[in-house]
Amino acid sequence: MRKLKFLYLLPVLGIIACSKDSISENTEIENLPQENVVNQNLTEVAYPKSKGIVSDIYYAGQKLPVAEIEGNYVYQGDIILPKSKAASQFQELVYEQGKAPTNKSTGRTSGMWPDNTVYYAIDSDLPDKERVYDAIKHWETNTPITFIERSGEADYVYFTPGSGCSSYLGQVGGRQDITLASGCSTGNTIHEIGHAVGLWHEQNRVDRENHIRIYYKNVRNGMEYNFETYAEGGYDGKEFTSNLDFGSIMMYSSYSFSKNGKPTIVKKDGSTFSVQRNALSAGDIQGIESMYPSTDSTPEPDEEEEEDREPGYINGEYYTMFGVTVLRYYDLWYYETRHHGYRQVKLIDDFWYYS
Ligand SMILES: [Zn+2]
């Protein structure tokens with residue numbers, strides 16, 4: 001994995017085969033009624049009882065289908081997108097030279113937590129706080145991210161009761177809730193923290209057709225949008241690694257959003273697979289280490305070294321920086337515009353401009 005200074009909101013990086021997919025078939029689950037399948041807690045949902053109204057919004061330069069429920073934009077079941085940073089129409093993320101960005105919030109997200117540090121607070125009304133402490137401990141033990149109880153910091157995660165399990169994606173600024181219904185386990189909490197530090201779901205990778213098939217006929221009516229790939233959503237979805245990680249804690253189960261107890265996601269050979277909500281996989285951890293390089297092993301480079309590292313980008317690879325997916329090509333950056341193909345772009349003061 002490459003270490004990038006400006007890496008923002010990577011899709012989950014499934015890198016290596018830590019997959020536990022071949023261990024067992026889900027025969028018991030298949031015979032259970034749907035409520036019990038949901039109770040396996042292998043698919044987190046923010047509002048288990050509401051479908052909401054589905055529409056497309058633009059967020060961080062991508063068109064995403066969301067359900068509006070109780071005033072929130074819900075994406076893929078358990079991700080809450082901040083309304084203040086979403087738009088109903090496509091908005092330019094790359095600007096012509098000399099034109100100042102008109103709306104600094106839309107299409108951009110701070111995404112990463114500075115200094116590998118996530119501040120948090122726990123609602124005193126949250127039952128079973130141990131699952132939060134256990135999940136945090138798991139993150140701290142396995143990744144370079146530190147969690148510090150908030151003492152007045154402006155940007156923080158707030159663990160609070162809710163109708164399901166949900167989280168925002170990356171650092172969004174201000175208080176951002178992770179909701180945990182009583183049925184949300186420690187593993188579900190690890191998953192939701194994954195969203196809060198910037199991980200997406202694993203099964204919506206642009207190249208997922210190489211690994212899985214979606215059986216839409218078994219998907220609950222109105223829930224099909226949860227299975228769109230990131231590529232279908234717009235211009236993102238360029239993955240940084242080559243393999244889908246079935247062992248990722250961010251992977252949906254074979255029975256996610258099933259309406260009839262039959263699988264909604266199968267491997268290419270038609271078989272179901274197991275997913276887990278026990279621990280970050282080796283691939284999850286490697287992805288996180290790439291997004292949040294350990295400050296111990298990576299001393300802050302001075303300006304010159306930073307220049308030297310620049311050629312480390314790989315020719316022909318896509319990188320997502322400051323909310324925009326750009327292509328590295330012969331030491332230059334290119335952006336795929338909607339109507340005019342690729343245009344060369346430059347990053348100036350954290351904004352992208354056409355060259
Ligand atoms: Zn999720």
Side-chain angles (χ1 to χ4, degrees), residues 2-13 55-66 73 75 79 81-114 168-173 198-200 204-207 228-241 290-291 303 306-307 309-355:
R2 296 168 298 277
K3 290 178 176 175
L4 297 175
K5 189 180 174 196
F6 303 120
L7 206 52
Y8 276 55
L9 294 181
L10 280 183
V12 175
L13 302 148
S55 62
D56 286 332
I57 58 149
Y58 290 87
Y59 179 74
Q62 300 172 68
K63 188 174 81 174
L64 303 174
V66 296
Y73 285 148
Y75 177 59
I79 298 172
L81 301 177
K83 268 193 162 174
S84 61
K85 296 187 178 179
S88 56
Q89 307 238 310
F90 177 81
Q91 293 202 313
E92 289 296 340
L93 298 174
V94 180
Y95 303 96
E96 297 292 347
Q97 292 265 358
K99 278 200 179 171
T102 50
N103 185 342
K104 292 200 177 190
S105 62
T106 302
R108 279 173 49 78
T109 165
S110 50
M112 306 277 289
W113 291 82
Y168 288 85
L169 194 57
Q171 189 200 61
V172 297
L199 296 183
W200 302 68
N204 296 68
R205 296 168 58 108
V206 67
D207 62 350
E228 269 199 13
T229 65
Y230 295 118
E232 286 170 292
Y235 294 98
D236 208 357
K238 309 291 196 301
E239 253 58 63
F240 295 78
T241 52
S290 161
M291 294 167 73
E303 289 295 309
E306 193 63 28
E307 285 292 316
R309 282 168 47 159
E310 175 88 351
Y313 295 122
I314 295 173
N315 191 24
E317 287 269 5
Y318 289 90
Y319 299 86
T320 300
M321 304 179 194
F322 290 93
V324 177
T325 299
V326 286
L327 172 68
R328 186 69 171 177
Y329 197 63
Y330 290 105
D331 292 340
L332 299 171
W333 294 108
Y334 289 87
Y335 174 68
E336 188 175 11
T337 62
R338 298 185 96 198
H339 303 298
H340 302 289
Y342 283 94
R343 287 184 64 185
Q344 193 188 329
V345 292
K346 267 186 187 167
L347 188 63
I348 303 169
D349 295 336
D350 301 351
F351 288 93
W352 288 97
Y353 290 87
Y354 294 111
S355 293

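The first residue of the sequence shown is numbered 1, and numbering continues consecutively from there.
Side-chain contact between Gln344 and Tyr354 is absent, with no heavy-atom pair separated by less than 4.5 Å. The closest side-chain heavy-atom distance from Tyr334 to Val345 is not below 4.5 Å. Between Trp333 and Trp352, some side-chain heavy-atom pair lies under the 4.5 Å cut-off.
The distance from atom CD of Gln97 to atom OG of Ser355, rounded to the nearest 0.5 Å, is 6.5 Å. Atom OH of Tyr353 sits about 6.5 Å away from atom CD1 of Ile348, to the nearest 0.5 Å. The CG atom of Leu81 sits 5.0 Å away from atom CD1 of Ile57, with the distance rounded to the nearest 0.5 Å. With rounding to the nearest 0.5 Å, the separation of OH in Tyr335 from CG in Leu327 is 13.0 Å. Summarising the geometry, atom OH belonging to Tyr329 is positioned 6.5 Å from atom CG belonging to Asn315; distances are rounded to the nearest 0.5 Å.
Val172 and Pro82 get closest at one heavy-atom pair: CG1-CG, 4.0 Å. Residues Trp113 and Gly170 share a closest heavy-atom pair of NE1-C, 4.2 Å. When all heavy atoms of Met112 and Gln171 are compared, the pair lying nearest together is O-OE1, 3.8 Å.
The side chain to side chain donor-acceptor pair (under 3.5 Å) test applied to Lys83 returns Glu68, not counting sequence neighbours.
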